[in-house]
Amino acid sequence: MVELLARRSDGTSIDHLLRDLAAINSISWSRARNTVAKLIAYGLFETDAKSLVRLAPGERPDVPDWIAERVAAEFTALLTKAEAWSCVGRDPATGDLTIDAMTLPPIRDGLAMWLTEFAIAQRAAVQTRFWKVSDNHNNAFLRGARDANKETPRRAKSAERLAADLAQQAEAGAAAEVWVVQYERERLSDHPLRDQIRRVSEDDVSAGYDIVSFASVHSIRHDRFIEVKSYGERKVFHWSRNEIATAVEFGEDYALYLVDRERCEQAGYSPHMITGPTPEMFALPDSGWRVEATSFEHVAISE
């Protein structure tokens with residue numbers, strides 16, 4: 001491809017270049033087009049206003065080595081961005097740097113193939129899982145890992161940021177509770193005691209629920225105890241041990257109201273209501289919920 005462009009100092013269209021390349025090489029059309037795009041991104045080729053492509057000016061003593069350096073740099077930059085350095089490690093037997101092909105981050109432009117084609121990494125066979133990083137590229141990988149280690153882990157939060165996030169969550173939760181009180185009063189607009197639908201979380205944060213209400217207009221004693229969970233883009237919520245214990249104790253009188261913060265002000269919106277919830281119902285294979293443990297308690301086992 002470089003040789004073809006070298007003969008055309010005035011440039012040529014990408015389609016003409018690909019057709020000429022296909023005539024002398026068995027490379028697929030899509031792979032050839034991808035190669036042109038990557039070499040433009042690397043600065044080896046350039047395009048003009050007429051979409052003609054030509055060799056970029058400048059001396060490059062060894063084109064394969066020049067490309068290999070940029071492939072290695074792009075790959076290590078991708079790992080840093082994707083926080084995926086776990087795919088690079090050292091062989092415990094030889095100490096060589098290796099790339100684990102099974103844990104590579106998503107790569108859509110053939111970059112992984114370029115790693116082996118330009119001898120940045122070597123694999124014994126196509127199906128080989130661990131690719132040995134070439135000695136002359138070890139330093140590039142070590143520099144990338146060193147730079148990545150200087151960054152604060154993505155999930156780490158400072159005390160100030162954590163406090164701000166918790167305050168924001170508390171504010172959003174309180175707003176959702178106020179909204180649910182109004183929603184319940186409208187749902188039970190004919191109830192003679194609708195004014196007794198109220199928040200209890202303001203006075204008792206340990207109650208295990210946020211709002212007392214009525215299951216229907218036929219109830220005159222509080223028989224719906226509502227725990228409100230607000231959410232944003234993802235329907236995810238934290239259910240504390242105290243809230244779970246309360247749900248188990250109250251049975252069908254307990255309800256989770258999941259409120260979409262982005263939609264709750266829309267006319268006709270109703271929250272996702274789950275009455276009589278138990279931890280087991282969320283863990284069922286066909287429940288549609290993924291349950292993740294957040295706390296663990298060690299209980300001594302008597303012998």
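From a predicted model like this one, the values you see are computed outputs, not experimental measurements. Residues: numbered from 1 along the sequence shown.
Partners of Trp179 under the ring-ring contact (aromatic ring centres under 6.0 Å, His included) rule, at least two apart in sequence or in another chain, are Tyr183, Tyr269.
Taking 4.5 Å as the limit, every side-chain heavy atom of Trp114 sits out of range of all side-chain heavy atoms of Ile120. Counting only heavy atoms from C-beta outward, the side chains of Asp100 and Thr103 approach each other to under 4.5 Å. Side-chain contact between Ile211 and Val200 is absent, with no heavy atoms from C-beta onward closer than 4.5 Å. Within the 4.5 Å cutoff, no side-chain heavy atoms of Ser287 are placed close to those of Met281.
Ring planes of Phe282 and Trp239: perpendicular class, angle over 60° (limits at 30 and 60°).
Going from atom CD of Glu177 over to atom NZ of Lys229 covers 9.5 Å, rounded to the nearest 0.5 Å.
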Chi angles and distances behind the side-chain contact (heavy atoms from CB on, under 4.5 Å) call for Asp135, Lys132: CA-CA 9 Å; Asp135 293 341; Lys132 178 184 177 299; 3.2 Å; yes

side-chain contact (heavy atoms from CB on, under 4.5 Å) for Glu184 and Gln182? Distances and angles first, verdict last. CA-CA 5 Å; Glu184 285 291 281; Gln182 184 60 33; over 6 Å; no

Kindly indicate, with the supporting measurements, whether the criterion side-chain contact (heavy atoms from CB on, under 4.5 Å) is fulfilled by Val248 and Thr246. CA-CA 5 Å; Val248 172; Thr246 304; over 6 Å; no

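The ring of His222 has its center closer than 6.0 angstrom to the ring center of Phe214. For Tyr254 and Phe225, the ring centers are positioned 6.0 Å apart or more. Aromatic pair Phe237/Trp289: ring centres closer than 6.0 Å.
With Ser13 contributing its side chain and His16 its backbone, the two residues share a donor-acceptor pair below 3.5 Å.
Heavy-atom minimum distance, Ala124 versus Thr128: N-OG1, 3.5 Å.
Side chains of Arg224 and Tyr257: a donor on one and an acceptor on the other come within 3.5 Å.
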